[in-house]
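First the proteins, then the strands, lettered A, B, ... as listed; each starts at 1. Predicted, not measured: the structure shown is a model, and the values here were computed from it.
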Protein chains: 2
Amino acid sequence: MNPTIKDVAQRAGVSVGTVSRVLAKNKTVSEDIRAKVEATIDAIGYRPNILGRSLRLAKTDIIGLVVPDITNPFFAELAKQVEMLASAEGYSVLLANTHDDPDAEKQQIETLLGRLPAGLILVPVSNSLADGLASRTRTVTVDRPLSGHALVSVDNRQGGYLAADHLLSLGHRRLGYISGPGTTEVSGERRGGFVQRLEELRKSHPGDYVPPQIVEGHFDYRSGEELGKQLLTQPVASRPTAIATASDQQAIGLLRAADDMGLRVPNDLSIVGFDDIPLASLVLPRLTTIRQPIDEIARLALEGVLGSHALQEEYKLQPMLMKRGSCAAPSTP
Amino acid sequence: MNPTIKDVAQRAGVSVGTVSRVLAKNKTVSEDIRAKVEATIDAIGYRPNILGRSLRLAKTDIIGLVVPDITNPFFAELAKQVEMLASAEGYSVLLANTHDDPDAEKQQIETLLGRLPAGLILVPVSNSLADGLASRTRTVTVDRPLSGHALVSVDNRQGGYLAADHLLSLGHRRLGYISGPGTTEVSGERRGGFVQRLEELRKSHPGDYVPPQIVEGHFDYRSGEELGKQLLTQPVASRPTAIATASDQQAIGLLRAADDMGLRVPNDLSIVGFDDIPLASLVLPRLTTIRQPIDEIARLALEGVLGSHALQEEYKLQPMLMKRGSCAAPSTP
DNA sequence: CTGTTAGCGCGTTCAC
DNA sequence: GTGAACGCGCTAACAG
């Protein structure tokens, strides 16, 4: 059995209360007693039992992190940042994947909450669990909104807007867009911003306007590849000269699809991604993309969860266009 | 305050002991009382407090997972699999990154152990913490060995061997190798297997043998890119016609380096990776690589940690050569 | 400044 | 088959 606070007290010839005070760095302990207690703590290798403490205090120093899929580089990076910051503050992070499944999400959150976490950082899949969650623990939502909860995210609409704007400014007119799942609000916003920029073009230069070709799927590589193939399998006259995607993973899948069809990027096709995962600057060609300031997102989310001040409703960060090698002017105007 | 077992007992008109027995599905409870208790549990929305239970039982249902870097796709996949299997068994997983830093690792494990996990799945960085770890909780090591602990991993030597063998069989003789950090045993083994195959060639066909050019770095994209550049910046007569790497990430970085230098893969350079991360089959060209059966690895690791039977010393799984598009016969013999 | 004590919520003896 | 009581390890309130 591990030594307890009682053993320390006994061996040091003091009471458990005193040992507890030493542990809590309570200043109302005389110097020599403090020294003696600390000495015996080292001597018998005492390590406080967090369970006892947590039970007594009715709270833990665990932070729940619920993401759709940890193998998504964006969420992996989020997890890394959150874990770094959390452990620096003495917290540990409990990881749960929802696989974009509302039922799994509900289940995961339920068991997580059962562990009385100090807070919850959640990338929600469904809107159906909004109620009762807020009251049970401090919750911050990341990337996707959940009614009634604080949200930290990038301005997705602005991100989509930037992508369209960049492609238009290069001279592209026949644009494609690979969207994320229609069920997620984040997809809708990114696509909305994209479409909005085109609408502006329609207003200002009606003759230049071509309706965008929009397809919809998941955020992953495979979806980008399949939807890309679908978009590119058209007569050259109607095929988009540029495609924006809702994630870098989709963009990378699209890169693969383009290559399979003998199209060269950026000569025959321009591509803009979203997120700026590390891989984005390593693929061939390097991916022009909309950067999310993920370290900021992680920091704000953790602050929101741990901070003592009231939660703001929404932290909307600015995305940034990263110009790299996957975009060029259209070759066949 | 959340309702406790006491509230349930009071409201159901029974004792706490009885409620506890109902919760534990103890059969020595009469049917009608059981029904009544369960009804009031639902009625007041009682949820057992895990902290109380854990304290009483002196163990939790948490599994610690310690990896060098969760953004490494291989570890992300490991985490996903482990989390899936664990949550299916009612366990949660606590995630910690070590950043390949022995001090951070020690610290992380220390705080993790303080939470009295049911078990620990560890991808160790250093060998210095072997002592005392085993005795504190059930520990299984993954990917890299740690003396005195069970290890689940692929046969890394065999993997390196397969890579060399494949390249030789295609006709390559001037080979390069991008190794992982010299401090990790896994790097040594992969490289060792690679070299071993070349030694066999030296024995059997001394005239064909050319000493491999070996460079060493981290497992990440960037390292692969840098070391690749280094390897490829040579007169064509001495430059390797094929390079094997210790990770897919390095291989993808190398792909990028080759492109930057105007080399075409596989025409001018053949590449073999290691791991078979999802991305491997999506890059241009698709990466020939040595596959690790990561789902098997996760399953065995978790079984080892949760299983009641004694831990085997080592589970060494067989790697598999995945032939894809990044290898071809050398064009200039 | 220090010792004593009462629970935090639960599981588990030990009586009945 | 069920209830009462103890204690897991700890902190905080209260006495002294």
Side-chain angles (χ1 to χ4, degrees), chain A residues 1-41 44-62 90 111 113-118 136-137, chain B residues 1-41 44-62 90 111 113-118 136-137:
Chain A
M1 208 54 211
N2 284 332
T4 78
I5 203 174
K6 213 168 168 180
D7 299 323
V8 176
Q10 195 170 330
R11 204 159 187 286
V14 297
S15 76
V16 292
T18 302
V19 177
S20 178
R21 276 183 281 262
V22 171
L23 257 39
K25 306 208 187 311
N26 194 321
K27 307 306 282 180
T28 72
V29 179
S30 74
E31 181 56 30
D32 49 350
I33 281 207
R34 195 182 58 69
K36 187 165 59 176
V37 169
E38 284 178 345
T40 66
I41 284 179
I44 67 177
Y46 165 77
R47 310 178 40 75
N49 182 319
I50 296 198
L51 260 36
R53 186 202 313 250
S54 294
L55 178 60
R56 181 62 231 262
L57 299 179
K59 66 170 191 179
T60 66
D61 40 8
I62 283 181
T111 75
L113 249 34
R115 301 187 187 284
L116 305 182
R136 294 226 259 152
T137 191
Chain B
M1 208 55 214
N2 283 331
T4 77
I5 204 173
K6 211 167 169 181
D7 300 322
V8 177
Q10 196 170 330
R11 203 160 188 282
V14 297
S15 76
V16 293
T18 302
V19 178
S20 177
R21 275 183 280 261
V22 171
L23 257 40
K25 306 207 187 312
N26 195 324
K27 306 307 280 181
T28 72
V29 180
S30 73
E31 182 55 31
D32 49 349
I33 279 208
R34 194 183 59 69
K36 186 166 59 175
V37 170
E38 283 177 348
T40 65
I41 283 179
I44 66 177
Y46 165 76
R47 313 180 38 74
N49 181 318
I50 296 199
L51 260 37
R53 187 204 311 254
S54 293
L55 178 60
R56 181 66 176 78
L57 267 25
K59 66 169 190 180
T60 66
D61 41 8
I62 283 181
T111 75
L113 249 33
R115 301 187 187 283
L116 305 181
R136 294 226 258 155
T137 192

Could you pull out the closest heavy-atom pair between [X] and [Y], with the gap in Å?
X: L51(B); Y: S54(A); value: CD2-CB, 3.6 Å
X: I50(A); Y: G114(B); value: CG1-O, 3.7 Å
X: P3(B); Y: I44(B); value: CG-O, 3.7 Å

Given side chain to side chain contact (heavy atoms under 4.5 Å, CB included), test R47(B) with N2(B) step by step and report yes or no. CA-CA 8 Å; R47(B) 313 180 38 74; N2(B) 283 331; over 6 Å; no

If you find the nucleotide of DNA chain D closest to D32(B) and the one closest to L57(B), which residue's nucleotide is nearer the 5' end?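 Looking at the nearest nucleotide for each, D32(B) comes out on the 5' side.
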
Taking for each residue the nucleotide of DNA chain D bearing the nearest heavy atom, is the 5' side occupied by R56(B) or by T28(B)?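 Here T28(B) is the residue nearer the 5' end.
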
Can you tell me how far the CG atom of L55(B) sits from the CG atom of N49(B), to the nearest 0.5 Å? 10.0 Å

At under 4.0 Å between heavy atoms, what does L55(B) touch on the DNA or RNA strands: base, sugar-phosphate, or nothing? base

Report which part of the nucleic acid I50(A) touches: base, sugar-phosphate, or nothing (heavy-atom distance under 4.0 Å, all strands).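 Counting heavy atoms under 4.0 Å across all strands, no contact is made by I50(A).
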
Does the side chain of S54(B) get closer than 4.0 angstrom to OP1 or OP2 of dC8(D) through an N or O atom?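 It does not, given that no N or O in the side chain of S54(B) lies less than 4.0 Å from OP1 or OP2 of dC8(D).
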
Side-chain N or O of R53(A) closer than 4.0 Å to phosphate OP1/OP2 of dG9(D):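 So the side chain of R53(A) is outside the cut-off, no N or O lying under 4.0 Å from OP1 or OP2 of dG9(D).
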
Roughly, in whole Å, what's the span from [atom1] in [X] to [atom2] in [N]?
X: N49(B); N: dG9(D); atom1: CG; atom2: C1'; answer: 14 Å
X: K59(A); N: dC10(D); atom1: NZ; atom2: P; answer: 17 Å
X: I5(A); N: dT4(C); atom1: CD1; atom2: P; answer: 14 Å
X: K36(B); N: dG1(D); atom1: NZ; atom2: P; answer: 16 Å
X: K6(B); N: dA6(C); atom1: NZ; atom2: P; answer: 14 Å
X: R115(B); N: dC10(D); atom1: CZ; atom2: P; answer: 14 Å
X: L51(B); N: dC8(C); atom1: CG; atom2: C1'; answer: 9 Å

Is atom CD of Q10(A) surrounded by more than 12 heavy atoms (other residues, nucleotides or ligands) closer than 6.0 Å? no

Give the intermediate values and the outcome of side chain to side chain contact (heavy atoms under 4.5 Å, CB included) for residues I62(B) and R115(B). CA-CA 8 Å; I62(B) 283 181; R115(B) 301 187 187 283; 5.7 Å; no

Contacting residues from residues 15-23 of chain A, given that a heavy atom lies under 4.0 angstrom of DNA chain C: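 Heavy-atom contacts with DNA chain C come from S15(A), V16(A), G17(A), T18(A), R21(A).
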
